[in-house]
There are 2 protein chains.
Amino acid sequence: MSVDAKVSTVESPESIVAANKIINAVSRGDIITIHASCSVLYEGRAESTIAEGDRVVMIKPDGTVLVHGDEGYQPINWQASGSDVKAEIDGDGNLLIIGVDSEYLEVNCYAVYTVTLFDNTDKAELHVRGTEAEMHERILDDPQLVESGFHDLEHEKKFPFGRVDVFGYDSDGVPVIVEVKRRSANRDHVHQLYTYLKEYKERYSEDVRGVLVAPDCTDFIAEVLNAYDLGFVPLDPLDS
Amino acid sequence: MSVDAKVSTVESPESIVAANKIINAVSRGDIITIHASCSVLYEGRAESTIAEGDRVVMIKPDGTVLVHGDEGYQPINWQASGSDVKAEIDGDGNLLIIGVDSEYLEVNCYAVYTVTLFDNTDKAELHVRGTEAEMHERILDDPQLVESGFHDLEHEKKFPFGRVDVFGYDSDGVPVIVEVKRRSANRDHVHQLYTYLKEYKERYSEDVRGVLVAPDCTDFIAEVLNAYDLGFVPLDPLDS
DNA sequence: AGCTTAATATCGGGG
DNA sequence: CCCCGATGTTAAGCT
């Protein structure tokens, strides 16, 4: 394999070889992937330890360090981007991977199975559809989605009590506060909308209606909405 | 390298070789790490696409699929645990990694640089210190942390208006609602506590005090707390 | 720098 | 299964 290939892997390297490879790769800005048996120590906003086990360690050029186990979306431990990543050999001859910032992460490798260096290029941008921002846009483009006659919309209108997703007036000229959620409506959402209405009425001594827009809501939440005299409009984030 | 080693890596495999290795490794329950140039399609709660780029793909035995770029804690795309992971060859001879559950994730690999199979064992448990649960325990062990004379504590006491972190009585026998946060106090926390007090007074026609426990709070939040006549007790999640 | 809000949030616990 | 709340939440946008 040529020296300047995109990816180079060493299997079962000596600690000192692994450390040198990592140090060089960090300075080059590679993504580094390490398969190892390691324990992990974290000290920062909280503290954590985990004893030895087989894990995958990933070091990114922005200083992110991830330690992944065999389960779940979340890493067991991590260091946020911006950290200074070092590789050392400790007194027992083990490879230490250390990420230092305002917090401290130490990965103590008792056995290194592989070290892979990835001279990657990624210029592509992620495009996501079905966000709450997109739901806002759709309502602003077509106010009838909320209700017939809804007009004079304002987006992210600031009030002393908070920022309202969409503010406007119904066909009778009554102000309407619209709260948009991309997930199923829950009690917090209802509470947030109710609080807005209450504060609005207190401050402006004017009647106002509230509408919650979300993909769906349970029967229980529907009752709560009803009890508070709030409207609900189903809107699927992905319909368009 | 022996056949039953913990880790086996192939560099620049043909698509069909990569697919077969992945299929076998999935059935064995390995952690699979793939370095590749790929595009990604996601369809589920939202939809997303990202064009070709160099990324690290990780497949876990619980059905988690992660696609990591060169920046940040978060994967570019992922599939939650529980998905059915398949590897196929498409019409162009590219390796497709597909995770199917209620959602759909497709990783289209235009070039596969490495495939690493990790027959891992990890029996260790993560121990975390400095959580909110730990702060609760410390208060229950030593009520004086909140204030002198605080007594008859109840943990996670349920009320019609919500679950109170710690409920008890002050030295004068007045009920006290304690809300605990492991992060700096903010307006939401104050609002939550204030709402509890209000509901409590309305329902039980009895005076009640509120104390917010958090590592710190800004001057602004201190003013808000003061305006609502709420107490504040600084408590560092990591002091003990 | 601080604050606010969204996120394909994830994850765990309780009813 | 739904609901609720914590997370070392992370991340983006705005003041």
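Numbered from 1 within each chain, the chains take letters A, B, ... in sequence-line order.
- Between I221(B) atom CD1 and dC3(C) atom P there is a gap of 7 Å when expressed in whole angstrom units.
- At a threshold of 4.0 angstrom between heavy atoms, the contacts of T131(B) are confined to the sugar-phosphate backbone, with no base atom among them.
- Distances shorter than 4.0 Å separate none of the side-chain N or O atoms of R183(B) from OP1 or OP2 on dT10(D).
- Taking atom CG of D101(B) as the reference point, atom P of dT8(C) lies 18 Å away to the nearest angstrom.
- The ring of F159(B) has its center no closer than 6.0 angstrom to the ring center of Y196(B).
- At whole-Å resolution of the value, CD in E156(B) and C1' in dG15(C) are 14 Å apart.
- In D229(B), the CG atom is not crowded: 12 or fewer heavy atoms of neighbouring residues, nucleotides or ligands sit closer than 6.0 Å.
- Shown here is R187(B), whose CZ atom has no more than 12 heavy atoms of other residues, nucleotides or ligands within 6.0 Å.
- In the set dA7(C), dT10(C), dG8(D), dT10(C) carries the atom at the smallest distance from any side-chain atom of Q74(A).
- Comparing the same atom, C1', in dC11(C) and in dA7(C) gives a spacing of 15 Å after rounding to whole Å.
- Residue-level contact check: G130(B) touches neither bases nor backbone, having no heavy atom under 4.0 Å from any strand.
- Mapped onto DNA chain D by nearest heavy atom, C217(A) and E103(A) fall at different nucleotides, with C217(A) at the one closer to the 5' end.
- If you measure from atom CD of E125(B) to atom P of dC11(C), you get 17 Å, rounded to the nearest angstrom.
- Checking dC3(C), dG8(D), dT10(C) against every side-chain atom of A46(A), the shortest atom distance belongs to dG8(D).
- Residue-level contact check: E47(B) touches neither bases nor backbone, having no heavy atom under 4.0 Å from any strand.
- Residue order along DNA chain C, read from the 5' end via each residue's closest nucleotide, puts Q192(A) first among L105(B) and Q192(A).
- Here Q192(A) contributes atom CD and H191(B) contributes atom NE2; the two are 9.5 Å apart, rounded to the nearest 0.5 Å.
- Residue R182(B) places at least one side-chain N or O under 4.0 Å from the OP1 or OP2 atom of dT9(D).
- Nucleotides dT4(C) and dT8(C) have their P atoms positioned 22 Å apart, rounded to a whole Å.
- Using a 4.0 Å heavy-atom criterion, one finds that G162(B) contacts no nucleic acid atom at all.
- Distances shorter than 4.0 Å separate some side-chain N or O of K181(A) from OP1 or OP2 on dA6(C).
- Of the side-chain N and O atoms in W78(A), none sit less than 4.0 angstrom from OP1 or OP2 of dT9(D).
- Atom NE2 in H127(B) sits about 15 Å away from atom P in dG8(D), given to the nearest Å.
- Ring-centre distance between F150(A) and Y169(A): not below the 6.0 Å cut-off.
- At whole-Å resolution of the value, CG in L193(B) and P in dG5(D) are 14 Å apart.
- Judged by distance alone, with hydrogens and angles left aside, the side-chain atoms of N186(B) form a donor-acceptor pair with the main-chain N or O of D188(B) at under 3.5 Å.
- Position along DNA chain D of the nearest nucleotide to A80(A) versus N186(A) favours N186(A) as the more 5'-ward residue.
- Ranked by how close their nearest DNA chain C nucleotide is to the 5' end, E71(A) and R163(B) are led by E71(A).
- A cation-pi arrangement, defined by a distance under 6.0 Å to the six-membered ring centre and an angle within 45 degrees of its axis, is absent between K198(B) and Y200(B).
- A donor-acceptor contact under 3.5 Å is formed by the side chain of N77(A) with the base of dG8(D).
- Note: NE2 (H189(A)) to P (dG5(D)) measures 12 Å, nearest angstrom.
- As judged by a 4.0 angstrom heavy-atom cut-off over every strand, Y42(A) is placed among the base-contacting residues.
- Comparing the P positions of dG8(D) and dC4(D) gives a spacing of 22 Å, expressed to the nearest Å.
- Across the protein-nucleic acid pair, Y73(A) atom OH and dT10(D) atom P stand 11 Å apart, rounded to whole Å.
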